[in-house]
Amino acid sequence: FQLPVSERGTIEIKDAIGRIVKVFEADFRKGYNQQKVKKSDLKGPGVYYYTLTTDNYSASKSFILVK
């Protein structure tokens with residue numbers, strides 16, 4: 001993901017029914033950032049949604065974990 005300025009943020013990963021599966025908090029830098037997620041952090045194959053939230057920015061997207 002891209003950020004226009006460096007700032008602290010939170011990434012929440014939720015499963016298909018909205019339960020929080022994993023939360024990451026970090027200081028993200030201006031420009032391109034990435035957050036690696038291990039398979040063991042998730043509950044298995046399926047659709048997941050993540051939300052990035054900072055003081056000035058918020059975005060939600062989805063991804064699919066396949067076996």
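Everything numeric here is computed off the predicted structure, so don't read it as measured data. Positions are given from 1 along the sequence.
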Beyond-backbone contact of Tyr48 with Asp15, side-chain heavy atoms, under 4.5 angstrom: yes

How about Arg8 and Glu25: do any of their side-chain heavy atoms sit closer than 4.5 Å? yes

Lys61 charged N/C atom sitting above Phe63 aromatic ring, 6.0 Å / 45°: no

Which pair of non-hydrogen atoms, one from Ile20 and one from Glu12, has the smallest distance, and what is that distance? CD1-OE2, 3.7 Å

Can you check side chain to side chain contact (heavy atoms under 4.5 Å, CB included) on Leu52 and Phe24, steps first, answer last? CA-CA 9 Å; Leu52 167 65; Phe24 297 97; over 6 Å; no

Quick one: do the Thr54 and Glu7 side chains pair a donor with an acceptor below 3.5 Å? yes

Flag side-chain contact, heavy atom, 4.5 Å: Ile13 against Leu42: yes

Donor-acceptor pair, distance only, cut-off 3.5 Å: does the side chain of Asn33 make one with the backbone of Gly31? yes

What I'd like to find out is whether the side chain of Phe28 reaches to under 4.5 Å of the side chain of Ile11, using heavy atoms alone. yes

Short side-chain to backbone donor-acceptor contact, Thr53 and Ser58, under 3.5 Å: no

For atom NZ of Lys43, decide whether the heavy atoms of other residues, nucleotides or ligands shown that lie under 6.0 angstrom number more than 12. yes

Measuring from Lys36:NZ to Asp41:CG, what's the distance to the nearest 0.5 Å? 13.0 Å

Within a strict 4.5 Å, meaning less than it, do heavy atoms of the Leu3 and Arg29 side chains meet? no

Decide whether Tyr49 and Val66 are clustered together by the hydrophobic rule: side chain heavy atoms of Ile, Leu, Val, Met, Phe, Trp, Tyr closer than 4.5 Å, transitively. yes

Taking the six-membered ring for Trp, are Tyr32 and Phe1 ring centroids under 6.0 Å apart? no

